2 protein chains.
Amino acid sequence: MTDSQSSTTRPATISDVAREAGTGKTSVSRYLNGETHVLSVDLRQRIEAAIARLNYRPNQMARGLKRGRNRLLGMLAADLTNPYTVEVLQGVEAACHALGYMPLICHAANEVEMERRFLQLLTTYRVEGLIVNALGAEEDVLRPLRGAGIPAVLVDRTVEGFEADLIGLDNTDAIETALAHLVAQGFDAIHFVVQPFEHVSSRRVREAAFRAALAARGLAVPSTVVLDLNEPGAAAAALADVDARIDDAARRGVRAALFAANAPVALAIARHLRARFGAAWQQQAALLSIDDPEWAELIGITTIRQPTYEIGYKAVEFVHERIDGAAGDVRVAMLPGELIARASTAS
Amino acid sequence: MTDSQSSTTRPATISDVAREAGTGKTSVSRYLNGETHVLSVDLRQRIEAAIARLNYRPNQMARGLKRGRNRLLGMLAADLTNPYTVEVLQGVEAACHALGYMPLICHAANEVEMERRFLQLLTTYRVEGLIVNALGAEEDVLRPLRGAGIPAVLVDRTVEGFEADLIGLDNTDAIETALAHLVAQGFDAIHFVVQPFEHVSSRRVREAAFRAALAARGLAVPSTVVLDLNEPGAAAAALADVDARIDDAARRGVRAALFAANAPVALAIARHLRARFGAAWQQQAALLSIDDPEWAELIGITTIRQPTYEIGYKAVEFVHERIDGAAGDVRVAMLPGELIARASTAS
DNA sequence: CTGTTAGCGCCTTCAG
DNA sequence: CTGAAGGCGCTAACAG
C-alpha cells in the first residue's frame, strides 16, 4: 500500500497514470476526454483503476494551455456589498455550471484601481469571456480586453465608448411603474434621490426617466437630489436637502415621497430619517426604492425588484455565444422589474 | 502600422516579443521577471518597446505550468448572501493583493453539491491554497485537498476530522460579553435561537457558551430554540415556540430577550415579530444578535460585530505561510468581537 | 550579458 | 483500437 495520497507527494500527472495502467498517455487522454467508445473495455478499466489509485485529477492549466481555452469566465463586480450584485452572481454561477465554465469572481470594492488591476489579471489568466459590472465610465480601463480579444458583456451599466452586449433592468419601464404607483397612492410631492449619475448609465437613465414620467403627467419636476455616499460632507448636505423637502411638503399638509434610485441610497435615507424622526419616521415621509434588499420587507419599504438572477444567467449566455464566435451587432437586453408594494407608500 | 490589437489576432506570445525585439525568449523572460539589472540598457529598451507595440501580456497559465505555482488562491464561501461572508471576503482580497495572489472565489450558495463541485474544480486548477468557509461537517468533501496536497485554512467553522488552521470569532468571549450586557440591562428571560447546530462548530460553541454563561450566573437555562431556515415547516414551529416564550414572559410582566446566534436568524425573527406585532414589535421583545448587518442600525438592534476584515486577512496570511512550507501544529486564531449596544436591548 | 536547450502536463496529428 | 512525437507559452539550467 503506497502512500499515494500523502500531502507531500506532488499531484499525479497523466504520465503517472499511463505508467500505472501500463499504457500510453494518449489513451489516458482519450479516456479523460470521454472518447471512451474508442477504448477496449480492458484498457478502460485499467485506466480507471490507475486514476483512482493515484487520485489523479487532470491539470486544467495544462489543458488550457494546449487547447487554447481554459473554461475560465471572469466576473468583475463593482460592489459585492450591494445585494443586487450578489443576486446577479447567483445567476452567473448557475449559468456557468450549466455551460461548463468556472467563474472567476473579482471584487473591485468600489475602487477604480482595483478594477484596473483585476482587469489586468483576468487578461493574463486568459479568461475566455468577461462579465463586467463596471465601476466608472472609464473606457480605457476596459481597453486591455480589446487587446486580448476577450469578449465582454456589460451588466447594468454601459461604458462610454466601449461597445459590448448589455443586459440589465428596463429602467424606463421600472420608473414608470413605480411612479404610477406613487401617483395612484395620492403622492404629488415626489423627489428623486440618486448617487452621482453622470458616469453611471443606469442612474442616468433612471433619473431622466423619472423626470420624463413626472412631466408626462403634467406634474412639477423637483430638482434631483444627488447623494454621494462616498463623500460624508456632500452626503450630509444632500440629506439636509431631503429634510427641507419633507418639511416643505409638511407645511402644505402633505407627506413627501422619496424615490431612491437604488438600495444603498434607500438605506442611507432610511437611516437618516430614523435618526431624525425616530422609529416612526415613515409617518413623515414615504419611501420607494429600486432594488429589493432583505431589509425592505423588514421595515415595509415598497420596491421595484430586479430580475437579478435572470440578468446574471443571461449575461453568461451572451458571453458564451460570443466566445463561440457569434459576431453581429451589439445586443441589449432590458428585463422588466416587479413592483412590490408595501406599507411605506400606503396613502 | 500593423493591426496588432485587432480582436481577431490571437494574443502575442513571448516568442513574438523576442522576434520583434530581435532577441531570444530568455532575455524577454528575464525582463518579465524583473531581472532587469542583468540586461543591457539597449536590450531592455528594445524589449520594452516590443511589448508595448504588441500589447503583450505574459500568460499566467503557462507560467504556472512551468514554475509549479500559479498564484491562485481559492476561497470557498458557503453563503455570500450573508454579509459576514462578504466582509471576510474584503479582508481576503486585500491580503491577496498584498501577497500577490489572485483570489478565486467560489460560492456554494448553501448547497453541499456545489461545494463538492467547486472543491473539485479548485483542485484541478491547482490553486496553491484554499480558504474554506465550509458548509457542512462532511470531512470527505474536503478530502480532495489532502490528495492534492493543497493547504487549507478554515474560517469560522471546523470540520470534523479535518485538521487545518482555523480562524474566526472568539465565540465564548462574545457570548459572555453579550449576555453580560443583557443581564446588566435587567433581562432575565433570555432565549437562544440558532440554526441547526450539530454540524456547524461555531454554532455549537455559541450555543454551549450561552448555556454555560447563563448557568454561571445561577440563572435558569431555557431550552435552545432551533430555527431551521431551510425548512419552512420547522421554521414556523420554531417561531411559534419563540412566540410562546414571549407570551410567557409577558404573563409574568417581563419582556423576553431573544439572543440570535447570527444575522440570518436575527432577520427571520425580526421579520416574524414585525408581522405579529407590527412596527412597534420591539416593545414586545428584546433582540440581540451576533453579526452586525447593515439593517441592524436601521432598526436599532444590539449586536456583536465580528472582526470580519481581520479574519479574512489573517486567513490569507495563514495559508500563505503554509504554502511557503511552514509545517507545525494546527493553529487557531480566535479574534474578539465588539458589542454594539442599540435600542433593542434598552431596558 | 545573452542565447540554446529542455521540459512543465496535456492534447493532437499521424502512423501503426 | 493504440502509441510515439511534437508543441501550447513559459522558465530554468547550461553554455557561450
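Letters A, B, ... are given to chains in the order of the sequence lines, protein chains preceding strands, and every chain is numbered from 1. All figures in this text were calculated on a predicted structure; none of them were measured in a lab.
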* Between C1' of D:dG9 and CZ of B:R19, the distance in whole Å -> 13 Å
* Structure fact -> Closest to the side chain of B:T23, out of C:dG3, C:dC10, D:dC10, is C:dG3
* **Nearest-Å distance for atom pair CG/C1', residues B:L39 and C:dC1** => 8 Å
* Say whether, by atom type as modelled, one donor and one acceptor occur between the side chain of B:R157 and the main chain of B:A134 under 3.5 angstrom. => yes
* Examine the base of D:dG9 for any acceptor or donor lying under 3.5 Å from a partner atom in the side chain of B:K25, and report the outcome as yes or no. => no
* **Exam field: side chain B:E128 to backbone B:N70, donor-acceptor pair closer than 3.5 Å** => yes
* To the nearest angstrom, how far is A:H37 atom NE2 from D:dT2 atom P? -> 12 Å
* To do: Classify the side chain of A:R30 versus the base of D:dG3 as yes if they form a donor-acceptor pair under 3.5 Å and no if they do not.
  => yes
* For A:S29, answer base if it contacts any base atom (sugar-phosphate contacts may also be present), sugar-phosphate if it contacts only those atoms, and nothing otherwise; contact means non-hydrogen atoms under 4.0 Å. => base
* Where each residue is assigned the nucleotide of DNA chain C containing its nearest heavy atom, which of B:R44 and B:R67 is assigned the position nearer the 5′ end? -> B:R44
* Going from SG on A:C106 to CE on B:M102, what distance comes out if it is rounded to the nearest 0.5 angstrom? -> 3.5 Å
* For atom CG of A:N70 and atom C1' of C:dC10, their distance in whole Å -> 14 Å
* **Selection from C:dC10, D:dC8, D:dT11 that lies nearest to any side-chain heavy atom of A:L65** => D:dC8
* To do: Measure from the side chain of A:A62, starting at C-beta and using heavy atoms only, and say which of D:dT11, C:dC11, C:dG9 lies closest.
  => C:dG9
* Asked: Can any side-chain N or O of A:T85 pair as donor or acceptor with the backbone N or O of A:D79 at less than 3.5 Å?
  -> yes
* Length of the CD1-P vector between B:I51 and D:dC10, whole Å -> 10 Å
* Hey, does the side-chain of A:T26 have a donor or acceptor N/O within less than 3.5 Å of a partner on the base of D:dA4? -> yes
* Is a donor on one side and an acceptor on the other found under 3.5 Å between the side chain of A:N82 and the backbone of A:Y84? -> yes
* Asked: What's the CG-P distance between B:N33 and C:dT2, to the nearest Å?
  -> 16 Å
* **Donor-acceptor contact present, side-chain B:R322 to main-chain B:A327, <3.5 Å** => yes
* **Contiguous Watson-Crick or G-U pair runs (3 or more, under 3.5 Å) in DNA chain D** => C:1-4 with D:13-16, C:6-16 with D:1-11
* **Pairwise P distance, C:dC1 and D:dC10 [rounded to whole Å]** => 25 Å
* Residue A:N59, side-chain atoms from C-beta onward, closest of C:dC10, D:dC1, C:dC11 -> C:dC10
* Taking CD1 from A:I14 and C1' from C:dG9, how many angstroms apart are they, rounded to a whole number? -> 8 Å
* Asked: Taking the side chain from B:N59 and the backbone from B:M61, do they hold a donor-acceptor pair closer than 3.5 Å?
  -> yes
* Under 3.5 Å: donor-acceptor pair, side chain of A:D165, backbone of A:V153 -> no
* Asked: How is A:Y31 classified with respect to the nucleic acid when contacts are heavy atoms under 4.0 Å: base, sugar-phosphate, or nothing?
  -> nothing
* Asked: Taking OP1 and OP2 of D:dG3, is either one under 4.0 Å from a side-chain nitrogen or oxygen of A:S27?
  -> yes
* Interatomic distance, A:L32 CG vs C:dT12 C1' [rounded to whole Å] -> 14 Å
